[in-house]
Amino acid sequence: MYGRDPWGGPLEIHTADSATDDDRSRNLQDFDRAAMSRSLDETQQSWLLGPTEQKKKKYVDLGCIIVSRKIFKWTVGCIIAAALLAGFITMIVKLVPRHKHHNPPPDNYTLALRKALMFFNAQKSGKLPKHNNVSWRGNSCLQDGKSDDSTMFKNLVGGYYDAGDAIKFNFPQSFALTMLSWSVIEYSAKYEAAGELAHVKDTIKWGTDYLLKTFNSSADTIDRIAAQVGKGDTTGGATDPNDHYCWVRPEDIDYARPVTECHGCSDLAAEMAAALASASIVFKDNKAYSQKLVHGARTLFKFSRDQRGRYSVGNEAETFYNSTGYWDEFIWGAAWLYYATGNSSYLQLATTPGIAKHAGAFWGGPDYGVLSWDNKLTGAQVLLSRMRLFLSPGYPYEEILRTFHNQTSIIMCSYLPIFTSFNRTKGGLIQLNHGRPQPLQYVVNAAFLATLFSDYLAAADTPGWYCGPNFYSTDVLRKFAETQIDYILGKNPRKMSYVVGFGNHYPKHVHHRGASIPKNKVKYNCKGGWKYRDSSKANPNTIVGAMVAGPDKHDGFRDVRSNYNYTEPTLAGNAGLVAALVALSGDRDVGIDKNTLFSAVPPMFPTPPPPPAPWKP
């Protein structure tokens, strides 16, 4: 019979009972061969062999990305190995003894700089800021201006006391502010390295804020300036209470403080203009304040040109801070205004040969080359030489700028010990004021100018300069500055530091009212403080950073409170000291900032000189 072949073909079934087992076995083998000779589809294979084993996946699904299983294994392995290595390294670093590398200690110039700036904190007048850091000082003279009915300036609170008294003189105060601003413009990086940039800028702003009160700073034209607050005249045996006759703390002043106005004061107005113009460059990032300073400087300089005269004629300033002329302030103020504004009219004025002639630029004299609160000619010559070195403005300025540059070189030669323009003490201190008292204020200014000029030459890739036929390296200038400042800081025959608080041996009887009277909640009247003035005991308060007037021409020094020619500090003197110290401080490779001073100066395109006159036989 025939049945249905499950593999799709006919199947014959033999049912004979007589078939043997061998026959049946052979028949089954035939059936197997017949079946295997045909290809099987998947369904047939599954019936015959059962479920097949699935192949291992070659990829890993990470959810957001599918990666090769081999790459995945390698990545995980590398991460584990890196973690183990990092842990091993960290363990080694923690177990190995550490050798800390500290920054080198600050040099003496940096240490002295920090102290010298503190003197200005001790000299502040008015309502003091919270962090003035002079424990024995407090608010003082809050009625300045209001107590004098004769003046139109009713708010003259603030500013700085000039020296050991409580008088506020605008003339030396303005010079001090100009010197501080100049030093910040040139050496802001060094101030920052010393951690004093914010401090010195606050010091300048305290002064410029006050100067803006001493004239109508919002006007374009003015007719007067408040030149001085306080009085110090004791001639003729006058016993009226004033800032020299009385010996009291500024905080205890209760007597009237007159205001001295001037209506023809070219020197004072031009110096104030220089102070505000230079400060405007310091605060150029504060646009509103900088513009306010520039506007005030313009107004003051216009007044100085319109109302000619010396500020000290006919008043007591002639005794204390007499001005010998105003032509040097014209050059000085015009130069600073040019740098602050870029207005070429100021440069034209600063380079006018006639003004330079009146200022004494073309003749010598015993004080030629000496920068001071009275004579700024040398400072102006250095300042304008800078322009020739870096900008080369050409015609029509080149001739006078070349003259200023040559004169500056000669002045630098005069500072060197191999020349005899100025004498020196046996201890090596240059006598820029020819043996007169209070020499240090002139020395520090010269040290600043010498260091600054050497840095100018270095920035101009010039290794030195000529003194006659001989060439001198800029190192010689810097050495001069260092020896003078080192003398002031204690390398002198007396081993005396003339900066209070620096070193172990410094003046203890400084001629200073606030420092000499204890802060003991006792208010002393005008004569009540005389006992402290005349006491032989050391001052109860240390006026840190004050540079005293200095030794005499024989290196001698008397540490006595009654002799101001030895022991009185001043704003102008300390400003020069700060400038010299920052110039010498820190890394010598950190030179001047070439560009900030020229930030307002437009590109200069020299005008071709006029053709020569036609030839005539």
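This chain uses plain numbering: 1 for the first residue, then up along the sequence. These values consider heavy atoms only, across backbone and side chains, with no hydrogens, waters or symmetry-generated copies. The structure displayed is predicted, hence computed values, not measured ones.
Looking at heavy atoms from C-beta onward, Arg513 lies out of side-chain contact with Val248 at the 4.5 angstrom threshold. Thr474 places none of its side-chain heavy atoms less than 4.5 Å from the side chain of Phe453. Under the 4.5 Å side-chain criterion, counting only non-hydrogen atoms from C-beta, Asp455 is not in contact with Glu186. Counting heavy atoms from C-beta outward, Arg114 and Pro106 have side chains that approach closer than 4.5 Å. The shortest distance between side-chain heavy atoms of Asp555 and Asn492 does not fall below 4.5 Å. Using a 4.5 Å heavy-atom threshold, the side chains of Trp247 and Ser516 count as touching. Residues His511 and Ser562 fail the side-chain proximity criterion, which asks for heavy atoms closer than 4.5 Å. Put simply, the side chain of Leu276 reaches to within 4.5 Å of the side chain of Leu211, judged on heavy atoms.
For the pair Lys124 and Trp206, the cation-pi test (distance below 6.0 Å, angle within 45°) is passed. Both cation-pi conditions hold for Lys508 and Tyr506: the charged atom is under 6.0 angstrom from the six-membered ring centre and inside a 45 degree cone around its axis.
A salt bridge is absent between Asp267 and Arg310: the closest approach of a Lys/Arg side-chain nitrogen to an acidic carboxylate oxygen does not fall below 4.0 angstrom.
Pairing each heavy atom of Ala279 with each of Thr208, the nearest pair is CB-CG2, 3.7 Å. Smallest separation of non-hydrogen atoms from Leu489 and Ser497: O-CB, 3.6 Å. The minimum heavy-atom distance between Gly325 and Asp328, with the atom names listed, is O-OD1, 3.4 Å. When all heavy atoms of Ala572 and Pro172 are compared, the pair lying nearest together is CB-O, 4.4 Å. Shortest non-hydrogen contact noted between Asn242 and Asp233 is ND2-O, 3.0 Å. Listed here is the closest heavy atom pair of Val590 and Lys190: O-CE, 2.9 Å.
Around the CZ atom of Phe283, the shell of radius 6.0 Å holds more than 12 heavy atoms that belong to other residues, nucleotides or ligands. More than 12 heavy-atom neighbours from other residues, nucleotides or ligands sit within 6.0 angstrom of CZ on Phe419. Around CD of Glu192, the count of heavy atoms belonging to other residues, nucleotides or ligands within 6.0 Å does not exceed 12. Heavy atoms from other residues, nucleotides or ligands lying under 6.0 Å from CG of Asn470 number more than 12. Around the NZ atom of Lys519, the shell of radius 6.0 Å holds more than 12 heavy atoms that belong to other residues, nucleotides or ligands.
Taking the ring centroids of Phe422 and His434, they lie under the 6.0 Å cut-off. No close placement of the Tyr321 and Phe171 rings is indicated, their centers lying 6.0 Å or farther apart. In this structure, the ring of Phe320 has its center less than 6.0 angstrom from the ring center of His244.
Of the inter-residue distances, the one linking Lys495 atom NZ with His505 atom NE2 reads 10.0 Å to the nearest 0.5 angstrom. Atoms NZ and CZ, from Lys115 and Phe502 in turn, are 8.0 Å apart once rounded to the nearest 0.5 Å. To the nearest 0.5 angstrom, Thr203 atom OG1 is 8.5 Å from Glu196 atom CD. Rounded to the nearest 0.5 Å, atoms NZ (Lys479) and OG1 (Thr451) are 12.5 Å apart. A distance of 7.5 Å separates OG1 of Thr570 from CD of Glu568, quoted to the nearest 0.5 Å. The line from NZ of Lys201 to CG of Leu180 is 13.5 Å long, rounded to the nearest 0.5 Å.
Donor-acceptor pairing under 3.5 Å is lacking for the side chains of Asp374 and Ser372. At a cut-off of 3.5 Å, with distance as the only test, no side-chain donor of Ser323 or Ser312 sits close to an acceptor on the other residue. Under 3.5 Å, the side chains of Tyr160 and Asn121 contain no donor-acceptor pair of N or O atoms. Using modelled atom types, one finds a donor on one side chain and an acceptor on the other under 3.5 Å when comparing Tyr524 with Tyr532. Tyr161 and Ser125 form a side-chain donor-acceptor contact under 3.5 Å, judged by distance and modelled atom types alone. A donor and an acceptor atom, one from each side chain of Asn406 and Ser409, are nowhere located under 3.5 Å apart.
With hydrogens and angles ignored, the 3.5 Å screen pairs a side-chain donor or acceptor of Ser599 with a backbone N or O of Thr596. Checking side-chain atoms of Ser454 against main-chain N and O of Leu477 turns up no donor-acceptor pair under 3.5 Å. For the pair Asn541 (side chain) and Ile517 (backbone), a donor-acceptor distance under 3.5 Å is present. A donor-acceptor distance shorter than 3.5 angstrom exists from the side chain of Glu316 to the backbone of Gly232, with no hydrogens or angles considered. With Gln438 contributing its side chain and Ala549 its backbone, the two residues share no donor-acceptor pair below 3.5 Å. Proximity of a side-chain donor or acceptor of Gln441 to a complementary backbone N or O of Gly576 within less than 3.5 Å is not detected. No donor-acceptor distance shorter than 3.5 angstrom exists from the side chain of Asn539 to the backbone of Thr542, with no hydrogens or angles considered. Of the possible polar contacts, one joining the Asn574 side chain to the Ala116 backbone as a donor-acceptor pair under 3.5 Å is found. Counting only distance, with no hydrogens or angles, the side chain of Ser174 and the backbone of Asn170 share a donor-acceptor pair below 3.5 Å. Formation of a donor-acceptor pair under 3.5 Å by the Asn433 side chain with backbone atoms of Pro437 is found in this model.
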**OP:** Using the side chain to side chain donor-acceptor pair (under 3.5 Å) rule, take Ser421 and Tyr368 through it: C-alpha gap first, then chi angles, then the decisive distance, then the call.
**Re:** CA-CA 10 Å; Ser421 302; Tyr368 188 79; over 6 Å; no
**OP:** Please step through salt bridge (Lys or Arg N to Asp or Glu O under 4.0 Å) for the pair Asp367 and Arg436, ending with a clear verdict.
**Re:** CA-CA 12 Å; Asp367 296 325; Arg436 296 189 294 269; 3.5 Å; yes
**OP:** Evaluate the salt bridge (Lys or Arg N to Asp or Glu O under 4.0 Å) criterion for residues Arg257 and Asp243: first the C-alpha distance (whole Å), next the side-chain angles of each, then the deciding distance (0.1 Å), finally the verdict.
**Re:** CA-CA 8 Å; Arg257 284 165 57 82; Asp243 295 292; 2.9 Å; yes
**OP:** Take Phe448 and Val578, measure what side-chain contact (heavy atoms from CB on, under 4.5 Å) needs, and give me the verdict at the end.
**Re:** CA-CA 9 Å; Phe448 171 63; Val578 166; over 6 Å; no
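Below 30°, between 30° and 60°, or above 60°: for Tyr339 and Phe598 the angle between ring planes is between 30° and 60°, a tilted geometry. Between Tyr487 and Tyr498, the ring-plane angle classifies as parallel under the 30° and 60° cut-offs. Under the 30°/60° scheme for interplanar angles, the aromatic rings of Trp465 and Tyr472 are found to be tilted.
Partner of Gln123 under the side chain to side chain donor-acceptor pair (under 3.5 Å) criterion, out of Lys168, Arg137, His512, Gln173: His512 alone. Exactly one of Phe175, Tyr187, Trp332 qualifies for a ring pair (Phe, Tyr, Trp, His ring centres under 6.0 Å) with Trp182. That residue is Trp332.
The side-chain hydrogen bond (donor to acceptor under 3.5 Å, both in side chains) test applied to Asn375 returns no partner, not counting sequence neighbours.
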